[in-house]
Amino acid sequence: MLSLTIFLPLALAAVLLLPGLPSAVVRWGWVAASLAEVVLVGVLWARYETPAPGALAFEEQVPWIPGVGSSYHVGLDGLSLPLVAMTAVVFLACALFALRDEDRPASRAALFLFLETVSVGVFAAADLILFFVFFDLSIVAMYVVIAGWGHGDRARSALTFFLYTFLGSLALLAGFIGLYLAADPHTFDMVQLARQDPFAGGGTAGVVVLGAILLGLAVKTPTVPFHTWLPPAHTDAPAVGSAVLAGVLLKLGTYGFVRLGMTLLPDAWRSWAWVVLVVGVVSVLWGVLVALAQRDLKRMIAYTSVNHMGYVVLAVGAVGVVGGSTAQARSVAVSGAVTQMVSHGLVTAALFLLAGLFWNRSGTYEISAFGGLAGPAPRTTGLFAVAAFASLGLPGLSGFVAEFQVFTGSIAAVPWSAVALLGILLVAALLLWTLQRLFTGEAGPASATFTDVRAHELWAIAPLLVLSLVIGIAPRALLAVVEPAAAAVVAVLGG
Amino acid sequence: MRPLAMLPEMLLLAGALVCLLGGSFTPRRRQWRLRVVAALALLGSAVAAVVGGASGPAFEGSFVVDGATTAARVVVAGATLLVLLLAGDEVAGDDRESETYCLVLLAATGTLVLAGAADLLVLAVGFLLASIPLYGLVGLRRTARGAEAALKAYLVGALFGILLLLGVTLLYGVGGTSSYPQLAGALAGAPLVPLAAGVVLVVAGVAFEAGAVPAHFWVPDAAQGATGLAAAFVTTVPKVGAVLAAFRLVEALPDVLAWGVLVAVLAVASMTLGNLAAFAQDDPRRLLGWSTVSQVGYLLVPVAVAGVSDLALPSLLVYLAGYAVTNVAAFAVTTALPDVRDLSGYAGLVRVRPGLAVALVVALLGLVGTPPTAVFVGKLTTATAAWDGGMAWLVVVVLVNTLASLFYYLRWVAPALRRTEPAAGLASVRPWSAWTAGVAAAVSVLLGVAAGPLFAALDVLPPG
C-alpha cells in the first residue's frame with residue numbers, strides 16, 4: 001500500500017509520456033494522477049494507527065543491498081504521514097494550476113510526477129541509503145524543472161541550486177557513512193540505528209557525524225548562512241516549480257533534522273542544540289529583514305520561507321537544550337515544528353502560485369509595477385489576503401497553531417528565544433505592507449491588464465488555504481497524529 | 001598447469017587471430033562477419049568465465065582465477081561488447097575494420113592477464129600485451145590529432161613500461177622472488193629504499209594502463225584524437241585490469257611501509273587533477289578524457305585500503321562494472337553525433353533527440369555518482385571501505401571532488417536540455433551508437449537498482 005503510494009505517480013508518469021497523447025489528455029491526466037495520489041494518501045491517513053514508539057506503520061521491507069546492510073525499507077509515523085499528505089495536496093494544486101499551460105505538458109507532467117514520487121519517498125524512507133537516493137533525485141528533478149521551464153537567468157540559477165544543494169547532499173552522505181560504520185552490526189537501517197544509538201554516551205565522533213548531517217540539512221532547509229541559493233532559484237523557477245520547491249523540498253531539510261538528527265544521534269544533538277537554536281533565531285530575523293528590502297514579490301516570499309523555516313529550526317534546537325523544561329513542553333515544540341512544516345507547505349505553495357498569477361498576467365514580479373488590484377481582481381485580493389494572514393500566523397489559520405506551539409515549547413526551554421517573536425511582528429508588517437502595495441492605492445503600470453483569478457487557478461489555490469483554515473480551527477485531527485510521534489522523539493532525546 | 005583456467009583469455013586471443021587472418025580474406029563490405037566473430041569470442045569468454053569454475057592459481061601460481069578475476073572477465077567482455085556495437089557506424093566498411101577488432105580483442109586479453117596476474121613477470125607481460133594494441137588503436141584514424149595522440153600514448157607507454165620493468169627488477173633483486181604469495185615473506189626484511197623505489201615504479205607502470213596520475217598525459221589526447229570506438233575502449237577497458245593489478249600488488253606487499261598512503265596520494269592527485277583540467281574543456285571527448293582520469297582516482301580509493309577493509313574488493317568490482325557501462329554510454333553519445341565537436345553544439349538536443357538527451361543526462365549524472373546508478377553504489381561503497389580502513393580524510397576528498405566534477409558535467413547537460421533551436425550538427429545521428437548509448441545508460445541504472453544481487457553474485461564467486 002505504501003509502496004504503491006510512493007510509486008504510483010512514477011508509473012503514471014510513464015503512461016503520460018506515451019507518444020501521441022493529445023495535450024489536453026496529458027494535462028488532465030496529470031490532474032487525475034495527482035488526485036489518485038491524494039486519495040491513496042487519504043486512505044493511508046484513515047487507516048493509520050499510531051505505531052509503538054520507534055516502530056513504523058505501513059512498514060514494508062525488502063533486501064536491497066544486503067552486502068552493505070541497506071534495504072528498501074519504508075514506513076510512516078506521526079512525523080512523516082502529515083508531510084506525505086501535504087506533499088500530495090501541494091502536487092495536486094500544481095497540476096491544477098498548470099492546467100491551461102501548453103508548455104511541453106507531457107514532459108512537465110512526467111517530471112512533476114517523478115518529483116512527487118521522490119518527495120513522498122524521502123518522507124517514507126526508513127533506510128539512510130533509500131533516503132539519500134530519493135533526496136538526491138529530488139535535486140536532479142528540480143534542476144531540470146528550473147532549467148527547463150524557468151524564466152530569466154534560469155541556467156545560472158539552476159546551476160547554483162544544483163551545486164549548492166548537491167554540496168549539502170554529499171555532506172549528508174558522509175554523515176550517513178559515519179553512522180553506518182559506527183553501528184554494530186553495520187547497517188543503514190534507520191529503525192535499527194535508532195534502536196542501537198551507535199553514538200550513545202557522546203564523544204567527538206558523534207558530534208562530527210552529526211555536524212556533517214546538520215550541514216547537509218542546513219543547506220537544504222535552508223538556514224542562514226546557507227540560504228543564498230534559494231532566492232535566485234525561486235525567482236527563475238516556474239510558479240509550480242516554486243510551489244513544490246518551497247512547499248515540499250524545503251521540508252526535506254527540516255524533516256531530516258527531526259528524523260535523522262534527533263532520533264538517530266540524540267546525544268550529539270544535545271551538544272549541537274545551542275548552535276541549532278542560534279541558527280534558527282538568526283534565520284528568523286535575517287530572513288524577514290532581508291525580505292523587507294525586496295522589491296521582487298517572489299524573492300520576498302522566498303525570504304519569508306527562510307524566516308518560517310527558522311521557526312522550525314529554532315524549535316528543534318530548543319528541544320535539545322538539556323534541563324531547560326519539562327518533557328511535555330519540549331514535546332509541544334516538536335509538534336509545533338511538524339505543524340509548521342505542514343502549514344508552511346500549504347501556505348507558501350499558495351503564495352508562490354499567486355506570485356505565478358502575477359507573472360502569467362504581466363511578466364514581472366516587481367511589486368511597484370502593481371497597485372490598486374482590489375478593484376479589478378477582487379478574488380485574487382481575497383486569496384492573497386488569506387494566504388498572507390495564514391503566513392503571518394493569524395489565529396484561526398494553520399500558521400498560528402504552528403507558531404504558538406513552537407514558541408510555547410521553545411520559550412519554556414530557553415526564555416531568551418523569545419527574541420524571535422520579533423520575527424512574527426516583522427513578518428506581519430511585511431505582509432500587510434505588501435498587501436497594501438499590491439492591492440490598494442493607485443493602479444500601477446501593470447495593473448491595467450490584470451485579469452482576476454481563473455477557475456483552474458482558484459481550484460488550485462483555494463483548497464490549500466481551506467486546509468490551512470481547517471488546521472487553524474480544528475487542529476485536533478492533525479495533532480492527534482503528530483503528538484505521539486513528538487513525544488516519542490522527546491523520549492529518545494532524554495535529558 | 002591447468003591451461004584451461006585461462007580459457008576466457010584464450011578465446012579472446014583466438015578471436016583476435018581469426019579477425020586478423022580473416023580480415024585478409026574477407027571483402028571490405030562483408031567485414032561485419034568479423035565483428036560477429038569478435039562478439040562471439042567476447043560472449044564465449046564471458047560464458048566461459050562464469051561457468052568455467054576452475055578457480056585457484058594456475059600456471060605455477062603466476063595467474064590466479066578467483067572472484068575478482070571472474071568479475072573482471074565479465075566486465076571486460078561486457079564493456080568490450082558495448083564498444084563493439086559502436087563499430088556498427090564508425091568503422092563499418094573502413095579499410096581498417098578487421099584490424100580494429102583484432103586490436104580490441106588483443107588489448108582485452110592483455111587487460112585480463114593484468115587482472116589475474118599473481119606474479120610480477122606476468123604483470124609485465126600483461127602490461128605489454130595490453131598497451132601495445134592501445135597505441136595502434138589510438139592511431140587508427142590517420143589524422144594529425146590521431147597521430148599526435150598515438151605518438152603520445154606510445155612515448156608515455158614506452159617510458160612507463162621501462163619503469164615498470166625496472167621496478168620488477170628491483171623487487172626481484174631485493175626479494176629473490178616474483179611470485180605474489182611469496183612476496184610478503186621475501187620482502188619483509190628487504191632494505192626499504194630499493195623496496196619502496198621498486199613498488200613506486202611498478203605502480204607507476206600500472207598507472208599508465210589505468211590512465212592515472214602520473215602517467216595520464218596520453219588520456220585526453222587519445223580521447224579527443226582517436227576514433228570514438230577507440231576512445232571509449234582505451235578509457236574504459238584497460239582500467240579494469242590495471243586497477244585490479246594494483247589491488248593485488250598492494251595486497252601482496254609486506255606491511256613494512258604505508259602502501260595505502262602511496263596509492264591514496266595517487267588517487268587524490270588523479271581525481272583532483274582530472275577534475276580541474278576538465279573544467280575548461282569545450283570538446284566533449286576531451287572533457288570525458290579528463291573525467292576518466294578523475295574516475296581512476298575514485299577507483300584507486302579501495303586499492304588504498306586493500307587488505308584493510310573487507311569491503312574494499314567487492315566495492316571496487318562494483319565500481320568497475322558501473323564505471324565501465326556508464327563511461328561507454330557517455331562516449332557512445334559522442335559517437336552518435338559525429339558532427340558535434342564542442343559542448344555548445346549540443347544545444348537543443350532534448351528537442352530533436354529526447355532519448356539520446358536522456359541517455360546523456362543519465363550517463364553524466366551517473367559519472368557524478370547520482371543515485372540510483374551503479375556508479376553511486378560504487379562510490380558509496382568505496383567511500384565506506386575507505387572510511388572503514390581508517391582513511392576518513394580520503395572520503396572527504398572524494399566528496400569534495402565529486403561536487404567539483406558536477407560543475408563540468410552540468411556544462412554539458414545544460415545546453416543539451418535547453419529548449420533553443422537545435423544546433424546544426426544534431427541533424428545526423430548514427431543509429432548504432434545512439435542505441436548503444438541508450439542500452440548502456442539503462443544498464444547503468446539497472447546495475448544500481450539491482451545492486452543487491454550484484455553484491456550477492458560477487459559473494460558466490462569462487463574465492464582466491
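Every chain is numbered from 1, with letters handed out A, B, ... down the list of sequences.
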| field | Nearest non-hydrogen partners of B:L288 and B:L367, listed with the distance | value | CD2-CD1, 4.2 Å
| Set of ring-ring contact (aromatic ring centres under 6.0 Å, His included) partners for B:F407, sequence neighbours left out | B:F279
| note | So salt bridge (charged side-chain N to carboxylate O under 4.0 Å, His left out) across residues 356-366 of chain B, not counting sequence neighbours, yields none
| said: Let me confirm one number: the CG-CG distance from A:L172 to A:L260, rounded to the nearest 0.5 Å. | reply: 6.5 Å
| If you take all heavy atoms of A:G253 and A:L217, which pair is closest and at what distance? | O-CD2, 3.6 Å
| task | Kindly assign one of parallel, tilted or perpendicular to the pair A:F135 and A:F131, based on the angle between their ring planes and the thresholds 30° and 60°. | result | parallel
| What part of A:V133 is in contact with chain B, defined as an atom under 4.5 angstrom from a non-hydrogen atom: side chain, backbone, both or neither? | both
| Contact winner vs chain B - A:P66, A:A147, A:G67, A:A174, heavy-atom pairs under 4.5 Å | A:A174
| remark: Highest number of heavy-atom pairs under 4.5 Å with chain B among A:V144, A:V140, A:L170 belongs to A:L170
| request: For A:L128 and A:L193, run side-chain contact (heavy atoms from CB on, under 4.5 Å): C-alpha distance rounded to whole Å, both residues' side-chain angles, the deciding distance at 0.1 Å, then the answer. | output: CA-CA 10 Å; A:L128 292 176; A:L193 281 170; 3.4 Å; yes
| task | Could you tell me which residues in residues 355-364 of chain B have at least one non-hydrogen atom under 4.5 Å from a non-hydrogen atom of chain A, sorted by residue number? | result | none
Could you please show the donor-acceptor pairs under 3.5 angstrom between chain B and chain A, with distances rounded to 0.1 Å?
unit_1 : atom_1 : unit_2 : atom_2 : d
B:R419 : NE     : A:G148 : O      : 3.3
B:R419 : NH1    : A:D103 : OD2    : 3.0
B:R419 : NH1    : A:G148 : O      : 3.4
B:R419 : NH2    : A:G150 : O      : 3.0
B:V449 : O      : A:W64  : NE1    : 2.6
B:G452 : N      : A:W64  : O      : 3.0

| Is it the side chain or the backbone of B:L454 that comes within 4.5 Å of chain A heavy atoms, both, or neither? | neither
| said: Given heavy-atom pairs under 4.5 angstrom as the criterion, report whether the side chain, backbone, both or neither of A:A155 touches chain B. | reply: neither
| field | Contact winner vs chain B - A:P63, A:A171, A:A158, A:G178, heavy-atom pairs under 4.5 Å | value | A:G178
| query | Between B:L316 and B:F247, what is the shortest heavy-atom contact and its length? | reply | CD2-CD1, 3.7 Å
| query | If you take all heavy atoms of A:G175 and A:V209, which pair is closest and at what distance? | reply | O-CG1, 3.4 Å
| query | Taking all atoms of both residues into account, what is the closest heavy-atom pair of B:L244 and B:A68, and its distance? | reply | CD1-O, 3.7 Å
| If you look at every heavy atom in B:L403 and A:L163, which pair is closest and at what distance? | CD1-O, 3.3 Å
| query | At what distance, to the nearest 0.5 angstrom, does CZ of B:F376 lie from CG of B:L447? | reply | 14.5 Å
